[in-house]
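Scope of the values below: all heavy atoms of this structure, side chains included, with no hydrogens, waters or symmetry mates. Each chain gets a letter, A, B and so on, in the order the sequences are listed, and its residues count up from 1. Since this is a predicted model, take the numbers as computed values, not measurements.
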Amino acid sequence: MNHNSIHWFRKGLRLHDNPALLAAMKDCAELYPIFILDPWFPKNMQVSVNRWRFLVEALKDLDENLKKINSRLFVVRGKPAEVFPVLFKKWKVTRLTFEVDTEPYSKQRDAEVEKMAAEHSVQVIQKVSNTLYDIDRIIAENNGKAPLTYVRLQTVLAPLGSPKRPAQAPTKNDMKECSTPWKSSYDGKYSIPTLEELGQDPEKLGPHLYPGGETEALSRLEIYMKRTAWVCNFQKPETEPNSLTPSTTVLSPYMKFGCLSARTFWWKLADVYHGRKHSHPPVSLHGQLLWREFFYTAGVGVPNFNKMEGNPVCVQVDWDNNKEHLKAWSEGRTGYPFIDAIMTQLRTEGWIHHLARHAVACFLTRGDLWISWEEGQKVFEELLLDADWSLNAGNWQWLSASAFFHQFFRVYSPVAFGKKTDKNGEYIKKYLPFLKKFPAEYIYEPWKAPRSLQERAGCIIGKDYPKPIVEHEVVRKKNIQRMKAAYARRSGSVDVGDKDLEGSKKKGVKRNAAKEQSVADLLKKAKFKKD
DNA sequence: CAGCTGGTTGGACCG
DNA sequence: ACGGTCCAACCAGCT
């Protein structure tokens with residue numbers, strides 16, 4: 001019993017599968033579980049009031065669960081670098097534990113804290129528990145590079161075997177030998193923040209669909225795991241982006257904050273799969289967890305992963321800078337009801353289906369508006385409850401055909417795509433109720449409805465709801481050509497202009513481009529030799 | 001090595 | 001209603 005430990009919660013807001021917390025409790029006299037309200041976050045990113053609520057609820061739940069084992073949560077205000085020296089002295093701390101975090105800011109922050117802890121003779125213990133595997137290990141196994149395809153990731157993971165089994169949550173019994181000192185003077189100082197303290201307006205909250213916290217996460221998990229047939233048959237591409245209630249688990253916000261452990265989720269799924277025929281990665285639920293791993297690995301292994309410039313896997317594209325179009329997209333005013341309904345759901349509820357993300361991301365970038373994926377990334381980062389740095393950056397690059405996915409001629413139609421699973425546009429009517437009187441024939445394209453119908457529906461297009469800000473069929477073709485040119489520039493080929501691509505000349509141009517490319521390659525090689 | 005295969009989830013059109 | 005074919009042709013990884 002020779003340690004006074006701080007366990008530092010950042011993500012990983014849970015008691016289950018928390019090896020760093022268990023390490024803090026070992027041979028421990030006094031345990032101080034803390035969360036730091038780090039001013040870096042609100043300064044460097046917009047966070048919606050919905051996500052602040054989720055965090056506050058997750059912290060409350062954590063505090064309650066800690067109290068059940070005779071401890072509590074201390075919420076500390078300030079910069080980690082300034083907070084720790086004070087706490088180390090005040091609580092006579094000898095050990096600091098936390099979960100490994102692979103995001104760039106976190107890595108830098110944690111390195112500084114680790115150094116400072118050493119200066120105060122505080123032992124630091126870090127444990128991997130946010131991801132299924134140790135991300136650095138995956139990269140090492142792949143010769144120091146992040147796998148750029150899913151198949152490659154699977155190949156690299158195969159010899160590593162299944163992810164570790166989750167650690168048990170600590171119980172009262174584990175706290176028998178140690179205590180969390182409790183002074184009344186602590187209560188105000190280390191209390192869970194309110195939305196008001198965080199500068200948020202509770203009036204702006206959306207419906208309370210996904211309460212934050214570990215307790216909610218585990219009960220949500222249990223509910224879904226009971227649906228064994230559904231779990232075993234799960235194929236992500238067959239779930240619906242525009243159902244009126246989510247067609248997938250919506251466990252992602254809980255994963256983002258670590259209210260649910262990926263490994264706990266993995267092994268619960270394995271239990272359900274056991275002895276049953278079931279779907280497989282990439283489309284299965286296990287497959288979804290591996291996608292998370294895939295993008296986490298890329299986020300660590302690829303420099304400047306959340307940017308285009310300086311990002312070696314990202315195609316360099318001459319995106320336009322159209323502030324009006326960006327604003328229209330982010331506020332759900334593009335004139336395409338399917339797109340605007342999705343953006344409305346995102347803004348009000350904080351969660352949209354994965355394929356809905358595809359539709360709006362393609363629309364913003366290579367499909368229609370030709371606006372940088374970094375702009376979309378910022379909007380998602382603000383509004384999504386599950387906004388996760390690596391996943392957000394990776395998926396935006398995927399959808400904009402900037403990295404991982406390259407079949408840029410496959411463009412989602414803002415009209416046709418939604419119809420596949422919602423012919424009558426019920427989803428659109430839910431989120432854009434002013435369109436609810438349009439018949440199915442026009443619900444995806446209300447501008448095509450006759451004026452008399454628009455009047456009867458009580459919504460004049462161009463007045464009560466915007467006309468489409470771009471003509472999809474026109475910009476789509478133009479954008480595919482721009483994408484093709486961006487790819488051609490990347491491979492060292494000549495800039496293939498629109499003019500050269502007309503009709504019968506196509507084949508000739510292709511041959512020329514190939515020839516140019518090989519010349520460029522020869523030049524590159526020659527240069528290399530000289531060096 | 002040059003060529004091949006496969007790639008989480010496209011769209012339009014045809015029968 | 002739904003499966004097949006074409007569209008135009010990308011890249012990463014493998015052999």
Original post:
How close do A/Trp370 and A/Val317 get, heavy atom to heavy atom, and via which atoms?
Top reply: CZ2-CG1, 3.4 Å
**OP:** Compare every heavy atom of A/Gly206 with every heavy atom of A/Arg53, then report the nearest pair and how far apart it is.
**Re:** NH2-O, 3.1 Å
Original post:
Pairs in or reaching into residues 237-263 of chain A: which pass salt bridge (charged side-chain N to carboxylate O under 4.0 Å, His left out), with residues at least two apart or in two chains?
Top reply: A/Asp17-A/Arg263
Which donor-acceptor pairs under 3.5 Å do side chains of residues 152-159 of chain A form with protein atoms, sequence neighbours excluded?
residue: A/Arg152; atom: NE; partner: A/Asn142; partner atom: OD1; Å: 2.9
residue: A/Arg152; atom: NH2; partner: A/Asn142; partner atom: OD1; Å: 2.9
residue: A/Thr155; atom: OG1; partner: A/Val151; partner atom: O; Å: 2.8

Subject >> Atom C1', compared across C/dA9 and C/dT5: separation rounded to whole Å >> reply: 16 Å
Subject >> P atoms of C/dA8 and B/dT8, separation to the nearest Å >> reply: 24 Å
**OP:** Consider only side-chain N and O atoms of A/Asn311 and A/Gln397, and report whether a donor and an acceptor are under 3.5 Å apart.
**Re:** yes
Original post:
Do A/Lys378 and A/Gln46 meet the criterion of a side-chain donor-acceptor pair at a distance under 3.5 Å?
Top reply: no
Original post:
With distance as the sole test, does A/Lys11 use its side chain to make a donor-acceptor pair with the main-chain N or O of A/Asp101 at under 3.5 Å?
Top reply: no
**OP:** Report yes or no: does A/Arg276 contribute a side-chain atom to a donor-acceptor pair with the main-chain N or O of A/His278 at less than 3.5 Å?
**Re:** no
Would you tabulate the nitrogen or oxygen pairs shorter than 3.5 Å linking the protein to nucleotides 9-15 of chain B?
residue: B/dT9; atom: O2; partner: A/Pro237; partner atom: N; Å: 2.8
residue: B/dT9; atom: O4; partner: A/His354; partner atom: NE2; Å: 3.0
residue: B/dT9; atom: O4; partner: A/His358; partner atom: NE2; Å: 3.3
residue: B/dG11; atom: OP1; partner: A/Ser413; partner atom: N; Å: 2.8

Given atom [atom1] of [X] and atom [atom2] of [N], what is their separation to the nearest angstrom?
X        : N      : atom1 : atom2 : value
A/His406 : B/dG6  : NE2   : C1'   : 13 Å
A/Lys477 : C/dA8  : NZ    : P     : 10 Å
A/Arg366 : C/dC10 : CZ    : C1'   : 11 Å
A/Phe404 : B/dG6  : CZ    : C1'   : 17 Å

Please report, to 0.1 Å, the donor-acceptor pairs under 3.5 Å made by any side chain of residues 388-395 of chain A, with sequence neighbours excluded.
residue: A/Asp388; atom: OD1; partner: A/Tyr296; partner atom: OH; Å: 3.0
residue: A/Asp388; atom: OD2; partner: A/Tyr296; partner atom: OH; Å: 3.0
residue: A/Asn392; atom: OD1; partner: A/Trp396; partner atom: NE1; Å: 3.3
residue: A/Asn392; atom: ND2; partner: A/Gln377; partner atom: O; Å: 3.0
residue: A/Asn395; atom: ND2; partner: A/Leu391; partner atom: O; Å: 2.9

Got a list of protein N/O to nucleotides 13-15 of chain C N/O distances below 3.5 Å?
residue: C/dG13; atom: OP1; partner: A/Leu148; partner atom: N; Å: 3.2
residue: C/dC14; atom: OP1; partner: A/Arg152; partner atom: NH1; Å: 2.7

Original post:
Between A/Ile480 and A/Lys423, who's closer to the 5' end of DNA chain C by nearest nucleotide?
Top reply: A/Lys423
Original post:
Pick one: which of A/Tyr465, A/Trp447, A/Tyr412, A/Trp329 meets ring pair (Phe, Tyr, Trp, His ring centres under 6.0 Å) with A/Tyr336?
Top reply: A/Trp447
Original post:
For the residue pair A/Phe294 and A/Phe404, is the inter-centroid distance of their aromatic rings smaller than 6.0 Å?
Top reply: yes
Original post:
Is any side-chain N or O of A/Lys484 closer than 4.0 Å to OP1 or OP2 of C/dA9?
Top reply: yes
Original post:
Does the ring of A/Tyr487 lie flat against the base of C/dC10, closer than 5.5 Å centre to centre with planes under 30°?
Top reply: no
**OP:** Would you write the dot-bracket representation of DNA chain C, where each base gets (, ), [, ], | or . depending on whether it forms a Watson-Crick or G-U pair under 3.5 Å and with which partner?
**Re:** .||||||..||||||
